[in-house]
Amino acid sequence: MAYDQDLEFIYYGPTRVVFGVGSSREVEVEMSSLGCGRAVVMTDPGIIKAGLLDVVKDTLGKKCVGVFSDIPQDTGVGTVNRAADYAKECGADIIISLGGGSVIDTAKNVCIILKEGGRCEDWQGLGMLSGPVTPHIVIPTTAGTGSEVTFATVLFDETKGQKVLTNEMFNAPRVAILDPKMTEKLPPLLTAGTGMDAMCHAVEALHSLQHEPIADGLAIHAIRLLSRNLPACVDNGSDLVARGQVQIAALLAGWSFGNALVGIVHAMAHSIGAIARVPHGTANGILLPHCMNFNLEDAVEAYGMVAEGFGVRERGMDDLTAAKESVKAMKAFTKRIKHPQKLSEVGVKEADLPRASELCMSDGSILNNPKMVIDSSQVLEIYKKAF
Amino acid sequence: MALKAFSQEWMDAWLKSIQTSQEYKEIAKEWEGSVSIIVNPDPSKGIPDPVYMWTDYWHGEAKDFHYCDKAKAESANFVMSGDYIRWKQVAKKELDSTKALMQGKLKLKGDLTYVVKHVKTVNKVVDLLAALDTVFPDD
């Protein structure tokens, strides 16, 4: 594959990874190795109901000084501030997040406030941190977000009615513990949706204007693992081998897009998610094939790599044919895992689309899309096709 | 004659080029607000102290470009900071400013969504800066 002569990039992926069935019991050892003794666990009510918190609390014993669980889907600035106040009251010297993307992103922003002070809204910008934040160990309970290894977060800003990005090198979690048991109880629909989030991270990293060889390699292998193992997870949630491989894929995709960044699919998913409250992974999964069609001529080589990951690129196949095959394969894959196919199936109203198109134009992700998006009418057209 | 980077003459020339650009007026008609630029010191490159520059824009007009103190720089709607070498790369168009932000080579304090929405304005301002005949302290 060709890269420009002026290729230059910075790859950054400092998170330690612990993998294995039952590895969540390593949390106390990992915490001690960081020199910490007072953990606040961030989680959500669904995780508690599923009994997953008990494992972590039992392992931590008295080192768990508090649990904050009032974290909704699409976490926001207000939630972060309340969680940070609680963690301060508890005297936390480490945050352990046990959950999906909203829980992890809440915890990441709490770590900023614990170290730097102020309120969540004081940290709008890019690269504002003065040094490493309060240590953070992540135990994901979904396999998709990749947030366990990225330094980016997405928060809902209640005052703007928009999802806002942060990108802080110093905010990468110290440790990610991938325990397949923690995703075993995810229902099929959520497994498919979060899995498509990971798929989307990998594809967007490949077509991003900032793609580079390390991120490309991670993304291709993530697609390979997802295409072979996500259907098994949807069919049989107790298949811990497949669950583990999908967790690894999500992590690889996280490292990939954390460096190469994402494009129009995420900008559109953030925007429609903010308006219609569509789960992020589900919005990504519905929009991805449509956005690939939109980008096709400007991302032929990238989608050729997607075809390789899917195993649909035959020997001697040219890039354009391979790219077209990748879009077909993606569409077929979403059907195979019984993923929703249209925005109208997941609560979006046609009237939401113009506003979402406007919001999309101010989402940072759109800057990295391979095809330049000049105005919101182009975005609206894609939304309509996906509606 | 080449202008010395970070001199008041250089800032004046940049301001004038923005004020006289019809294309800028059209692109930037919705932009409101000040942007400060902070250049971190690098004595080995001829920048012994931090440089604080204030630039202000309002609906297609460039209003006021001058040096300021740290407190004023930090009060701008948008505060962009970075090492001298990064700013030099931006000013010579060797480094895309939005890419530099995303890669952590430059820092931004302020509303990123606003900047993204008006990225054409940002790019035009940088283009006009790059068009100046500039000599840098370490050239």
Side-chain angles (χ1 to χ4, degrees), chain A residues 6 8-12 118 121-130 151-155 157 159-172 208-212 257-263 267 270-271 274 358-369 372-376, chain B residues 23 26-40 50 70 73-83 85-90 92-124 126-127:
Chain A
D6 60 354
E8 53 90 18
F9 64 90
I10 296 169
Y11 181 83
Y12 186 67
E121 47 272 41
D122 297 330
W123 297 101
Q124 278 195 52
L126 294 170
M128 294 172 67
L129 302 181
S130 60
F151 39 90
T153 70
V154 180
L155 293 178
D157 184 330
T159 57
K160 286 184 188 165
Q162 184 172 13
K163 291 188 180 183
V164 292
L165 308 174
T166 66
N167 218 23
E168 297 285 348
M169 294 275 183
F170 287 122
N171 201 16
S208 168
L209 292 178
Q210 299 204 41
H211 83 104
E212 38 84 356
F257 92 88
N259 285 276
L261 304 177
V262 286
H270 291 152
S271 303
E358 288 298 327
L359 269 190
C360 185
M361 298 304 288
S362 60
D363 188 287
S365 305
I366 207 159
L367 296 177
N368 304 300
N369 197 60
M372 187 178 283
V373 183
I374 296 163
D375 66 56
S376 60
Chain B
E23 193 184 352
E26 189 57 34
I27 291 171
K29 60 188 176 191
E30 289 180 16
W31 179 280
E32 295 179 0
S34 52
V35 181
S36 65
I37 295 169
I38 302 177
V39 183
N40 297 331
K70 182 172 187 268
E74 289 177 347
S75 72
N77 298 99
F78 301 93
V79 182
M80 292 182 72
S81 58
D83 293 339
I85 191 69
R86 298 304 183 202
W87 284 119
K88 182 180 176 182
Q89 289 171 328
V90 169
K92 295 179 80 169
K93 291 218 75 175
E94 293 169 356
L95 175 63
D96 178 77
S97 56
T98 51
K99 186 173 179 180
L101 285 169
M102 294 297 180
Q103 289 185 338
K105 292 176 177 172
L106 292 177
K107 299 180 176 190
L108 169 73
K109 183 181 178 192
D111 184 350
L112 176 64
T113 60
Y114 193 87
V115 174
V116 172
K117 190 174 177 185
H118 298 281
V119 71
K120 286 181 198 164
T121 300
V122 176
N123 289 339
K124 186 64 189 171
V126 174
D127 286 348

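Note on naming: letters A, B, ... go to the chains in the order of the sequence lines (proteins, then strands), and numbering restarts at 1 for each one. No experiment lies behind these values; they were computed from the predicted model shown.
For A:I366, the part sitting under 4.5 Å from any heavy atom of chain B is the side chain, from C-beta outward, and nothing else. Interface residue A:I374: backbone and side-chain heavy atoms are both found under 4.5 Å from chain B. Only the backbone of A:M361 comes within less than 4.5 Å of a heavy atom in chain B; its side chain stays farther off. Looking at A:Q124, both its backbone and its side chain come within 4.5 Å of chain B, counting heavy atoms on both sides. Only the side chain of A:Q162 comes within contact range of chain B, judged by heavy atoms closer than 4.5 Å. Heavy-atom distances place both the backbone and the side chain of B:K99 under 4.5 Å from chain A.
How far CG of A:L367 is from CE of B:M102: 5.0 Å, rounded to the nearest 0.5 Å. Here the straight-line distance linking atom CG of A:L359 with atom NZ of B:K117 works out to 8.5 Å at 0.5 Å rounding. The CG atom of B:D96 sits 8.5 Å away from atom CD of A:Q210, with the distance rounded to the nearest 0.5 Å.
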Which atom pairs, one a donor and one an acceptor, fall under 3.5 Å between side chains of residues 106-116 of chain B and the rest of the protein, sequence neighbours left out?
| unit_1 | atom_1 | unit_2 | atom_2 | d |
| --- | --- | --- | --- | --- |
| B:D111 | OD1 | A:K160 | NZ | 2.7 |
| B:D111 | OD1 | B:T113 | N | 3.0 |
| B:D111 | OD1 | B:T113 | OG1 | 2.5 |
| B:D111 | OD1 | B:Y114 | N | 3.4 |
| B:D111 | OD2 | A:K160 | NZ | 3.0 |
| B:D111 | OD2 | B:T113 | OG1 | 3.4 |
| B:T113 | OG1 | A:K160 | NZ | 3.3 |
| B:Y114 | OH | B:E30 | O | 3.3 |
| B:Y114 | OH | B:E32 | N | 2.9 |

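Considering only heavy-atom pairs separated by less than 4.5 Å from chain A, the leading option among B:Q103, B:H118, B:M80, B:K120 is B:Q103.
With sequence neighbours left out, A:A152 forms a side chain to side chain contact (heavy atoms under 4.5 Å, CB included) with A:T150, A:N167.
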